[in-house]
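As a basis for the values below, the full set of heavy atoms in this structure was taken, side chains included, without hydrogen atoms, waters or symmetry mates. All of these numbers come straight from a predicted model, not from anything done at the bench. Letters go in sequence order (proteins before strands), and every chain restarts at 1.
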Amino acid sequence: MPEREQLNVRKRRPVWSGTLAFGLVTLPVELYPTVRPGRGSLRMIGPTGQPLARRYYSESGKELLQQDDIVRGFEVGDGEFVLIEDEELEALDPDHSRVISLDSFVPLSDIDPVLVENTYVLVPGKDAAPAYRLLVAAMAEAERAGIARFVLRDKAHLVAIVSREGSLRTMTLRYHDEVRTPEQIGLPEPEPADVELIGKIEKAAGKLTGDVLDENLLRDEASGRLEQLVKRKLSRHEDVHEMPAEDPDDEDDFEPTDVMELLRRSLESEGKRPG
Amino acid sequence: MWKGVLKFGGVEVGVKLYSALENKSVSFRLLSREHREPVRQVLLDQESGDFIQYGAAGRGFVQGDAIVALSGDELASLEPEPSRVIEVRSFVAPELLDARWFERPYWLGPDSGEEGWHALAAALERTQKVGLARWVMRKKEYVGGLRSYRGYPMLVTMRNREEVLLLDATDLRDDTGVKERELAMAAQLIAMMEGRFEPGSYADEYRERVLDLVERKKRGKTVKLPEPEEVAPVTDLAAALERSLAQEEARA
């Protein structure tokens, strides 16, 4: 089925592609997400059970719009907009729009999870596997995160790049002023508390402390209940419809496994050099 | 702001949740290029070509090649029981939790009496462990991490297991193709670029540039676009590393 083939290619479109620079070592890379957007696979469906397509519509033109018919606008007055083109945004910081340049290496513990917004994985482009492998090895040994800045769509991101299990993970970081301080919220300043009460809390926490992470504690129980219900209905062939060959909203259907497979292949095809 | 009661092993502390995030990105509207007016999002039934109102759309669960329709009653039956309890079931060392799990941080403030809250803040700061908590907020079930951040109690919602797990099973480490000499030079270059991460020293200048661009265009100024420079990928790793080291040395 050629349609399916095409669909898979589209699904693997990176969120960004450009150059990773480490000193004067430059390599082409692509950036892919590592988490599925949204929760579960609940979709909006029409009267006959088929998934609905999300589309953009123009009231004045009375027509559906394609990507090229849509442009970003910034409201400067009542209903008055300044149009901003992609190329103009890119031109605001051309270096960082195309290059992720590692400009310092910091201890991993300096990157607090509170600052981490999203995690992506870097995949080496053509002929870039040897340089990629070298960076993976050197950064793992140094136990440091590389800090860089780059522009993704309409936002300049601060990122921390870490070497993990043979891949370079890229975490977009929140700017310091995007995390509100306790003072801004108006929380009272911590004061010395009742020692007995602190002891009681520490003891209760201590009893619940384990050496391993029980991942079942992280399981979303609502998704579990949903899956049970779906399984039951599937076995009874109740309200089951066929999914169209081409998903009208394929962006919702992203599989992280595809990305890791892609990374594995791009590393294996040219990862080893003679000599 | 949402009020709840934190509970574990006989401990109960009333808390208020405040979002710790403030979005500073410049927000744009999507416009129709031709009509310069905001676009409307519609749901299109591709079989009939009809638009479906958001309220009238059904819900379906995709499983492979099938989609299972779920009624409003069935979905309502899946909703969690409303509750104010934030139950902490276990505490673990922070190293056990990958940053990828975490989603949105909330500061915890005191509710009905500060004594318990001060004790909680002190205990979390002393133990430096993360409590795995579960609660229902606005009809949605959450899993989160309870921790101390800057001396204050914080609760960070976590992505569910199905959203992130798949990556961890894949170990792609393979150093066989990496040359010793290149690795040594790369390590040296990293060492020359060592520093500490100070979030306060990075400002989002791009944000200002975007607003400035808007201002210039508003005044009718045309914006000249520079030609993008192409960066050629390096083929001789050792030579590039050598030049990088020389460059860093000159800078120091």
Under the 3.5 angstrom rule, does the side chain of [X] hit a backbone N or O of [Y] as a donor-acceptor pair?
| X | Y | value |
| --- | --- | --- |
| B:Trp117 | A:Pro188 | no |
| B:Arg209 | A:Leu92 | yes |
| B:Tyr202 | A:His176 | no |
| B:Ser244 | A:Leu24 | yes |
| B:Glu47 | A:Gln50 | no |
| B:His118 | A:Glu191 | yes |
| A:Thr209 | B:Ser90 | no |
| A:Arg43 | B:Phe61 | no |

Between [X] and chain A, which part of the residue has a heavy atom less than 4.5 Å away: side chain, backbone, both or neither?
| X | value |
| --- | --- |
| B:Arg89 | both |
| B:Pro80 | both |
| B:Ala232 | backbone |
| B:Tyr149 | side chain |
| B:Ala239 | neither |
| B:Met154 | side chain |
| B:Ile52 | side chain |
| B:Leu132 | side chain |
| B:Ser27 | backbone |
| B:Leu124 | neither |
| B:Glu248 | neither |
| B:Lys218 | both |

Inter-residue atom distance [X].[atom1] - [Y].[atom2], 0.5 Å rounding:
| X | Y | atom1 | atom2 | value |
| --- | --- | --- | --- | --- |
| B:Glu22 | A:Arg174 | CD | CZ | 12.5 Å |
| B:Arg216 | A:Glu88 | CZ | CD | 9.0 Å |
| A:Glu178 | B:Asn23 | CD | CG | 6.5 Å |
| A:Tyr57 | B:Leu43 | OH | CG | 14.0 Å |
| A:Phe22 | B:Met193 | CZ | CE | 6.5 Å |
| A:Arg72 | B:Arg33 | CZ | CZ | 11.0 Å |

Among [options], which residue has the highest count of heavy-atom pairs closer than 4.5 Å to chain A?
| options | value |
| --- | --- |
| B:Arg243, B:Glu115, B:Glu74, B:Gln247 | B:Glu74 |
| B:Leu120, B:Leu245, B:Val39 | B:Val39 |
| B:Glu114, B:Arg150, B:Glu205, B:Glu37 | B:Glu37 |
| B:Pro105, B:Ser201, B:Gly109 | B:Pro105 |
| B:Gly145, B:Ala121, B:Ser19, B:Ala56 | B:Ser19 |
| B:Gly9, B:Ala186, B:Pro153, B:Gly10 | B:Ala186 |

Verdict with supporting geometry, A:Leu158 and B:Phe197, side chain to side chain contact (heavy atoms under 4.5 Å, CB included): CA-CA 11 Å; A:Leu158 182 60; B:Phe197 180 62; 3.9 Å; yes

For the residue pair [X] and [Y], what are the closest heavy atoms and their distance?
| X | Y | result |
| --- | --- | --- |
| B:Val11 | A:Ala204 | CG2-CB, 3.7 Å |
| B:Val143 | A:Arg219 | CG2-O, 4.0 Å |
| B:Val214 | A:Ile84 | CG2-CD1, 3.9 Å |
| B:Ala240 | A:Val25 | CB-CG2, 3.8 Å |
| A:Ala156 | B:Tyr206 | CB-CB, 3.2 Å |
| B:Ala99 | A:Val116 | CB-CG2, 3.9 Å |

For B:Asp204, all residues meeting salt bridge (Lys or Arg N to Asp or Glu O under 4.0 Å), sequence neighbours excluded: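 Checked B:Asp204 against salt bridge (Lys or Arg N to Asp or Glu O under 4.0 Å); matches are B:Arg207.
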
Which residues share a salt bridge (Lys or Arg N to Asp or Glu O under 4.0 Å) with B:Arg40, sequence neighbours left out: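 A:Glu59.
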
A:Asn216, CG atom: more than 12 neighbouring heavy atoms under 6.0 Å: yes

Heavy-atom neighbours of A:Glu242 CD exceed 12 at 6.0 Å: no

Stepwise salt bridge (Lys or Arg N to Asp or Glu O under 4.0 Å) check, B:Arg173 with A:Glu165: CA-CA 6 Å; B:Arg173 266 173 297 194; A:Glu165 274 127 31; 5.2 Å; no

Carboxylate-amine/guanidinium proximity below 4.0 Å for [X] and [Y]:
| X | Y | answer |
| --- | --- | --- |
| A:Asp110 | B:Arg196 | yes |
| B:Glu141 | A:Arg225 | yes |
| A:Glu80 | B:Arg36 | no |
| A:Asp112 | B:Arg147 | yes |

Heavy-atom distance under 4.5 Å to chain B: side chain of [X], backbone, both or neither?
| X | value |
| --- | --- |
| A:Thr181 | both |
| A:Lys200 | both |
| A:Asp93 | both |
| A:Ser60 | both |

Partner chain B: residue of A:Leu134, A:Leu173, A:Leu65 with the largest heavy-atom pair count (under 4.5 Å): A:Leu134

Side chain proximity check, A:Pro190 to B:Tyr152, heavy atoms < 4.5 angstrom: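 Result yes, sub-4.5 Å side-chain heavy-atom pair found.
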
Side chain to side chain contact (heavy atoms under 4.5 Å, CB included) between A:Asp127 and B:Thr235, intermediate numbers included: CA-CA 8 Å; A:Asp127 299 329; B:Thr235 44; over 6 Å; no

Check: B:Thr127/A:Glu202 side-chain N/O donor and acceptor closer than 3.5 Å: no

